[in-house]
Trainee: 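Below: one structure in C-alpha cells.
All chains are named by letter (A, B, ...) in the order of the sequence lines, taking the proteins before the strands, and each is independently numbered beginning at 1. Computed from heavy atoms alone, side chains included, the values below leave out hydrogens, waters and symmetry copies.
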Number of protein chains: 4
Amino acid sequence: MDWEIDNNKPIYIQLLEQIKLKIVSGEIPIGSKLDSVRALAQEAEVNPNTMQKALSELEREGLVFSKRTSGRFVTDDKERVDNMREDMASIQIKLLKQTLQKLGYDTSEIIELIKHNLEEE
Amino acid sequence: MDWEIDNNKPIYIQLLEQIKLKIVSGEIPIGSKLDSVRALAQEAEVNPNTMQKALSELEREGLVFSKRTSGRFVTDDKERVDNMREDMASIQIKLLKQTLQKLGYDTSEIIELIKHNLEEE
Amino acid sequence: MDWEIDNNKPIYIQLLEQIKLKIVSGEIPIGSKLDSVRALAQEAEVNPNTMQKALSELEREGLVFSKRTSGRFVTDDKERVDNMREDMASIQIKLLKQTLQKLGYDTSEIIELIKHNLEEE
Amino acid sequence: MDWEIDNNKPIYIQLLEQIKLKIVSGEIPIGSKLDSVRALAQEAEVNPNTMQKALSELEREGLVFSKRTSGRFVTDDKERVDNMREDMASIQIKLLKQTLQKLGYDTSEIIELIKHNLEEE
DNA sequence: GTGGTCTAGACCACC
DNA sequence: GTGGTCTAGACCACA
C-alpha cells in the first residue's frame with residue numbers, strides 16, 4: 001500500500017480517504033482482513049493514534065468492522081461498496097458541474113471542455 | 001453580492017473563492033471598483049480583518065489591486081482573468097478524472113458516467 | 001535571536017526580513033526547527049498574530065514550512081536557500097547601480113566610488 | 001520630465017525622490033525655475049495636493065526655495081547639491097555593504113560579487 | 001473615507 | 001503544546 005501525505009489537510013482525513021478509495025475501487029477486496037493499526041501506521045509513517053482515528057471513522061461509515069480479537073475487516077457487503085462507489089463518482093461529477101456553471105460555462109460548453117480535457121494525454 | 005459561509009473551511013478561504021468566482025465568471029467586471037473592505041465585511045457579516053485577509057490573497061494572485069486611499073479594483077487584465085477561468089476549469093476536470101480513475105473507472109467509463117450525470121436534471 | 005524593530009516599516013516586514021537574513025546567511029540552519037510562534041512573538045515583544053503573519057509570508061516564499069502540530073521548520077532545500085542568497089545580493093547590487101546611475105555616475109565612477117567606500121573602515 | 005508612480009509607496013515620497021534625484025544629478029540645473037505645482041501635478045498625473053506635499057518637503061530639506069510671487073526655484077548652492085550627491089551615493093553603498101555582510105559575505109567576496117554584477121550587461 | 005497594521009484575547013483541530 | 005483562524009477594537013498615513 002502506498003501512502004501520500006501532505007501537510008495541508010488533517011492526516012487522519014487523508015488516510016481515511018485513501019483507504020476508502022482502495023476499498024471501493026476493489027484494490028482492497030471486500031471481506032479481506034486489514035493489517036494491524038500498528039503495521040499500517042508504520043507503513044504510512046504516521047502516529048498509530050492517527051491511523052486509529054482514520055480506521056474508527058471508516059468503521060463509523062460501515063466500510064470496515066472489527067472482530068473483537070482477530071482484527072479489522074473490510075465489510076463484505078458488496079452492494080454497499082458498489083453503491084458507495086457510484087455515489088462518490090456521481091457526487092464528484094455533480095460538484096464539477098456546479099463549479100463549471102459558477103464559472104459561467106453552460107451545459108454544452110461543459111461537455112466540450114470535459115471532452116477536450118479528458119482526451120488530451 | 002450574496003455570501004454563503006459554512007463551518008467546514010476557513011471563512012477567509014470561502015470569501016476568497018466566492019469573490020474569485022464572481023470575477024472570473026464576469027459577474028464582477030474587470031477594472032471595476034470593489035466595495036470597501038468594511039462594506040464587504042459588513043455585507044458578509046464577518047470581521048473586517050477576515051475580509052481583508054481574503055482580499056489580500058486575491059491581490060497576491062493578481063486578480064485585484066489596491067490603491068491605498070481610493071479603494072480596491074479588479075485587475076483590468078482581461079487575458080489574465082480569462083486564463084484563470086480556463087485554468088480553474090481544467091484543473092477541476094483533471095481532478096475529477098484522477099478521482100474517478102482511483103475509483104477504478106477507465107476513460108470510456110468516465111465519459112459514460114459524466115454524460116449520464118450531466119444530462120439528468 | 002535578537003530583534004531590532006523600528007517604526008519606519010510594518011513590524012511584520014521587519015520580522016520577516018530578519019528571519020530571512022538569518023536563514024539565507026546560515027545563522028539558522030536549513031532543516032532546523034523554529035521556535036513556536038508564541039515563543040518568537042514573546043522574544044520579539046510583538047503580538048503573536050504579527051509574528052504569525054511574518055512567518056506565513058516566509059512560508060509563501062518557500063523558505064519555511066509548517067507541520068500543523070509539531071511546529072515550523074526551515075526548508076531543507078539547500079539549493080533554494082543558496083539561490084535566494086545569491087538573488088538577494090544580486091538584486092541589491094543592481095539597485096545600487098541603478099541609483100548611482102540616476103545620480104549621474106557612469107560605470108567607471110561607480111567602481112571607484114564603491115572601492116573607496118568599501119575600503120575605508 | 002518622466003514620472004514613475006507605483007502603489008507600493010506613498011506617492012508624495014516617490015515624487016520627492018524623483019525630483020531630488022534629478023536635482024542632484026544635474027538633470028534639473030541648480031538655480032533653475034521649477035514648473036508650477038499644477039503643471040507638475042498634471043504631468044505626473046497626481047493630485048496637486050500630493051505634488052505640493054512633495055515640494056514642501058524638498059523645501060524643508062533646502063533643495064528648493066520659493067520666491068513669494070515668482071515661483072519655486074532649485075537652490076543655487078552648488079556645494080550643497082554636490083555634497084548631497086556624494087552623501088547619497090556613499091550612504092547607498094554603505095547600506096549595500098551592510099546587507100551583504102548580513103548575508104554572510106566577507107569583504108573580498110563582496111568586491112567579487114559587485115564586480116561580477118556590474119560588468120554583466 | 002480608504003487600505004493597512006497591530007494588539008489582545010479567544011477558540012479550534014490536531015497529535 | 002502546535003499552528004491556524006477569528007473577532008473586536010484601535011490607530012495610522014494617505015488623498
Trainee: Between atom CG in C/Leu55 and atom P in F/dG3, what is the gap in whole Å?
Mentor: 8 Å

Trainee: In whole Å, what is the span from the CG atom of B/Leu16 to the P atom of F/dG4?
Mentor: 17 Å

Trainee: For C/Ile5 and E/dT7, give me the distance from atom CD1 to atom C1', rounded to whole Å.
Mentor: 15 Å

Trainee: How many Å lie between CE on A/Met51 and P on E/dC15, as a whole number?
Mentor: 12 Å

Trainee: Where the side chain of B/Ser36 is defined as all heavy atoms beyond and including C-beta, which of E/dT2, F/dT7, F/dG4 is the nearest nucleotide?
Mentor: E/dT2

Trainee: Does B/Lys22 pair with B/Asp2 as a salt bridge, N-O distance under 4.0 Å?
Mentor: yes

Trainee: Got a donor-acceptor pair under 3.5 Å from the side chain of B/Arg38 to the base of E/dG3?
Mentor: yes

Trainee: Do A/Val74 and A/Leu63 come close enough that some side-chain heavy atom pair is under 4.5 Å?
Mentor: no

Trainee: Look at D/Arg80 together with D/Asp87 and state whether they make a salt bridge at an N to O cut-off of under 4.0 Å.
Mentor: no

Trainee: Counting only Watson-Crick pairs (N1-N3 plus N6-O4 or O6-N4) and G-U wobbles (N1-O2, O6-N3), all under 3.5 Å, who is the partner of F/dC14?
Mentor: E/dG1

Trainee: Crowded around C/Asn7 CG? As in, over 12 foreign heavy atoms under 6.0 Å?
Mentor: no

Trainee: Indicate yes or no: does A/Arg60 engage A/Glu57 in a salt bridge with an N to O separation below 4.0 Å.
Mentor: yes

Trainee: For the side chain of A/Pro10, starting at C-beta, report the closest nucleotide among E/dC15, E/dC14, E/dT5.
Mentor: E/dC14

Trainee: For A/Ile13 and for B/Ser56, locate the closest nucleotide of DNA chain E by heavy-atom distance; then report the residue assigned to the nucleotide nearer the 5' terminus.
Mentor: B/Ser56

Trainee: Are any of B/Thr50's side-chain N or O atoms less than 4.0 Å away from OP1 or OP2 of F/dT7?
Mentor: yes

Trainee: Between the side-chain atoms of C/Asn49 and the base atoms of F/dC6, is any donor-acceptor pair under 3.5 Å?
Mentor: yes

Trainee: Which nucleotide in the set E/dG3, F/dT5, E/dG1 lies at the smallest distance from any side-chain heavy atom of C/Gln52?
Mentor: F/dT5

Trainee: Output the rounded distance in Å from NZ (C/Lys33) to P (F/dG1).
Mentor: 13 Å

Trainee: Is there a donor on the side chain of C/Asn7 or the base of F/dC12 sitting less than 3.5 Å from an acceptor on the other?
Mentor: no

Trainee: Could you work out which one of E/dG4, F/dC14, E/dT7 sits closest to the side chain of B/Arg72?
Mentor: E/dG4

Trainee: Is any side-chain N or O of C/Ser70 closer than 4.0 Å to OP1 or OP2 of F/dG1?
Mentor: no

Trainee: Is there a donor and acceptor pair closer than 3.5 Å between the side chain of C/Asn47 and the base of E/dG9?
Mentor: no

Trainee: Would you kindly compare C/Arg68 and B/Asp35 by the position of their nearest DNA chain E nucleotide and give the one closer to the 5′ end?
Mentor: B/Asp35

Trainee: How would you label the contact of A/Ile11 with the nucleic acid (heavy atoms, under 4.0 Å): base, sugar-phosphate, or nothing?
Mentor: sugar-phosphate

Trainee: Can you check the C/Leu40 CG to F/dG4 P distance for me, whole Å?
Mentor: 13 Å

Trainee: If only side-chain N and O atoms of A/Lys53 are considered, is one of them under 4.0 Å from the OP1 or OP2 phosphate oxygen of E/dC14?
Mentor: yes

Trainee: Check whether any side-chain nitrogen or oxygen of C/Tyr12 sits under 4.0 Å from OP1 or OP2 of E/dC6, and answer yes or no.
Mentor: no

Trainee: Charged N to carboxylate O below 4.0 Å: is that the case for D/Glu59 and D/Arg72?
Mentor: yes

Trainee: When the distance from NZ of B/Lys9 to P of E/dA13 is rounded to whole Å, what number comes out?
Mentor: 18 Å

Trainee: Take the protein atom CD of D/Gln14 and the nucleotide atom P of F/dA15, then report the distance between them rounded to whole Å.
Mentor: 9 Å

